[in-house]
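Worksheet for the structure shown next.
In this text the structure is predicted, and so the values were computed from the model without any measurement.
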Amino acid sequence: MSAQPPEPYAPGARISPARPSERVDYVDPRDRVVAQGGRSGGPPDGLLKRYAATVCADRAGRVLLYRRTSSTPVYPDHYDVLIGGAVRTGEDYRAAALRELREELGWTDAPGLAEAYRIRVDDPHGAAFLTVHRWTADRPPRPDPREVAWCGFVAPLTVVTGGYTPLVPAGAEAVRRLFPL
């Protein structure tokens with residue numbers, strides 16, 4: 001069962017498509033860059049990928065929830081609160097988070113964007129470091145319809161109590177960490 005949020009946003013134009021041929025850094029267990037490779041390939045043995053994501057809230061304390069498109073390679077048609085993706089070669093986590101906000105939601109800047117936490121995760125593409133940022137949105141998103149099927153600001157409690165399913169596991173964890181109830 002899925003509730004509909006009070007403020008949906010219509011998808012807008014895409015700024016920059018993701019490319020499987022993008023180069024990414026691979027890191028050791030201490031998050032130090034030690035190799036580079038293609039985004040679509042897995043990391044060499046013992047190394048991890050890096051992901052940057054942002055949880056966006058509005059001034060009322062609601063969290064931006066979105067539904068992934070059916071063509072998304074990982075967790076298609078799932079709800080999520082993490083706007084993000086792979087950190088490209090030469091990027092730091094913050095730069096990657098800003099790029100993803102621009103590409104997926106049309107936000108060209110994010111004053112006050114701050115790192116909230118960094119954890120090691122095991123996702124369908126292997127082990128990775130995930131750095132989660134937090135930002136209070138000061139304007140509505142302009143979602144890319146190739147990545148975002150629907151989005152809107154919703155009460156965090158609705159997300160953690162199962163009001164939107166299926167939900168990406170790392171997104172559920174982010175809401176629990178960043179919106180203590």
Side-chain angles (χ1 to χ4, degrees), residues 11-57 63-64 66 68-69 71-76 78 80-149 151 168-175 177-178:
R14 176 141 176 108
I15 293 172
S16 166
R19 292 180 172 80
S21 62
E22 290 172 345
R23 304 282 294 167
V24 297
D25 291 330
Y26 297 118
V27 296
D28 67 14
R30 291 184 164 177
D31 201 14
R32 296 177 299 198
V33 176
V34 295
Q36 287 81 35
R39 176 179 170 175
S40 60
D45 286 342
L47 300 183
L48 300 93
K49 286 186 177 181
R50 298 184 307 155
Y51 295 106
T54 302
V55 173
C56 303
V63 63
L64 182 68
Y66 74 100
R68 295 166 174 250
T69 63
S71 61
T72 302
V74 179
Y75 298 112
H78 279 57
D80 200 359
V81 299
L82 295 172
I83 305 297
V87 178
R88 294 178 182 164
T89 295
E91 271 185 325
D92 63 25
Y93 286 104
R94 187 173 194 285
L98 287 167
R99 175 180 47 77
E100 292 288 345
L101 286 172
R102 183 182 70 249
E103 290 177 357
E104 295 185 20
L105 294 174
W107 285 320
T108 57
D109 64 342
L113 178 74
E115 184 175 321
Y117 64 91
R118 183 175 303 172
I119 58 172
R120 182 182 164 151
V121 296
D122 291 306
D123 75 6
H125 292 294
F129 279 105
L130 170 64
T131 299
V132 175
H133 299 79
R134 186 171 186 168
W135 181 59
T136 301
D138 56 4
R139 58 201 171 275
R142 294 184 324 270
D144 174 347
R146 289 177 279 188
E147 297 201 37
V148 177
C151 71
V168 173
E173 175 65 18
V175 173
R177 283 176 179 251
L178 298 178

Is it the case that atom CZ in Arg139 sees more than 12 heavy atoms from other parts of the structure closer than 6.0 Å? yes

Option passing side-chain contact (heavy atoms from CB on, under 4.5 Å) with Val33 (candidates Leu47, Val87, Val27): Val27

Only one of Thr54, Leu178, Ile119 clears side-chain contact (heavy atoms from CB on, under 4.5 Å) with Val132; which? Leu178

Strictly below 4.0 Å, N to O, side chains only: are Arg88 and Asp25 in salt-bridge contact? no

[X] [atom1] to [Y] [atom2] distance, which is reported to the nearest 0.5 Å:
X: Glu103; Y: Arg146; atom1: CD; atom2: CZ; result: 10.5 Å
X: Arg177; Y: Tyr117; atom1: CZ; atom2: OH; result: 5.0 Å
X: Glu91; Y: Leu98; atom1: CD; atom2: CG; result: 9.5 Å

Closest non-hydrogen atom pair, [X] against [Y]:
X: Pro43; Y: Lys49; answer: CD-CE, 4.1 Å
X: Trp135; Y: Pro111; answer: NE1-O, 2.8 Å
X: Ala128; Y: Leu48; answer: N-CD2, 3.7 Å
X: Gly46; Y: Pro29; answer: O-CD, 4.0 Å
X: Arg39; Y: Ala86; answer: NE-CB, 4.2 Å

Does some side-chain heavy atom of [Y] sit less than 4.5 Å from a side-chain heavy atom of [X]?
X: Val55; Y: Val175; value: no
X: Arg68; Y: Glu147; value: no
X: Tyr93; Y: Tyr51; value: no
X: Val24; Y: Gln36; value: no
X: Asp80; Y: Tyr75; value: no
X: Ser71; Y: Pro76; value: no
X: Pro169; Y: Val121; value: no
X: Pro143; Y: Leu105; value: yes

Expected output: side-chain [X] to main-chain [Y] donor-acceptor under 3.5 Å:
X: His133; Y: Ala53; result: yes
X: Tyr66; Y: Leu82; result: yes
X: Trp107; Y: Pro140; result: yes
X: Asp28; Y: Arg32; result: yes

Check the pair Thr136, Cys56 against side chain to side chain contact (heavy atoms under 4.5 Å, CB included), reporting the backbone distance first and the verdict last. CA-CA 6 Å; Thr136 301; Cys56 303; over 6 Å; no

Check the pair Thr69 / Val148 against side chain to side chain contact (heavy atoms under 4.5 Å, CB included), numbers first and verdict last. CA-CA 6 Å; Thr69 63; Val148 177; 5.8 Å; no

Step-by-step salt bridge (charged side-chain N to carboxylate O under 4.0 Å, His left out) determination, Glu115 to Arg94: CA-CA 8 Å; Glu115 184 175 321; Arg94 187 173 194 285; over 6 Å; no

Do Arg118 and Phe129 meet the cation-pi criteria used here (NZ or CZ under 6.0 Å from the six-membered ring centre, within 45° of the axis)? no

Any luck finding a side-chain donor-acceptor pair between Arg23 and Thr89 under 3.5 Å? no

I'd like to know whether Leu64 forms a side chain to side chain contact (heavy atoms under 4.5 Å, CB included) with Val81, so could you lay out the CA-CA distance, the side-chain angles of the two residues, the decisive distance to 0.1 Å, and finally the verdict. CA-CA 6 Å; Leu64 182 68; Val81 299; over 6 Å; no

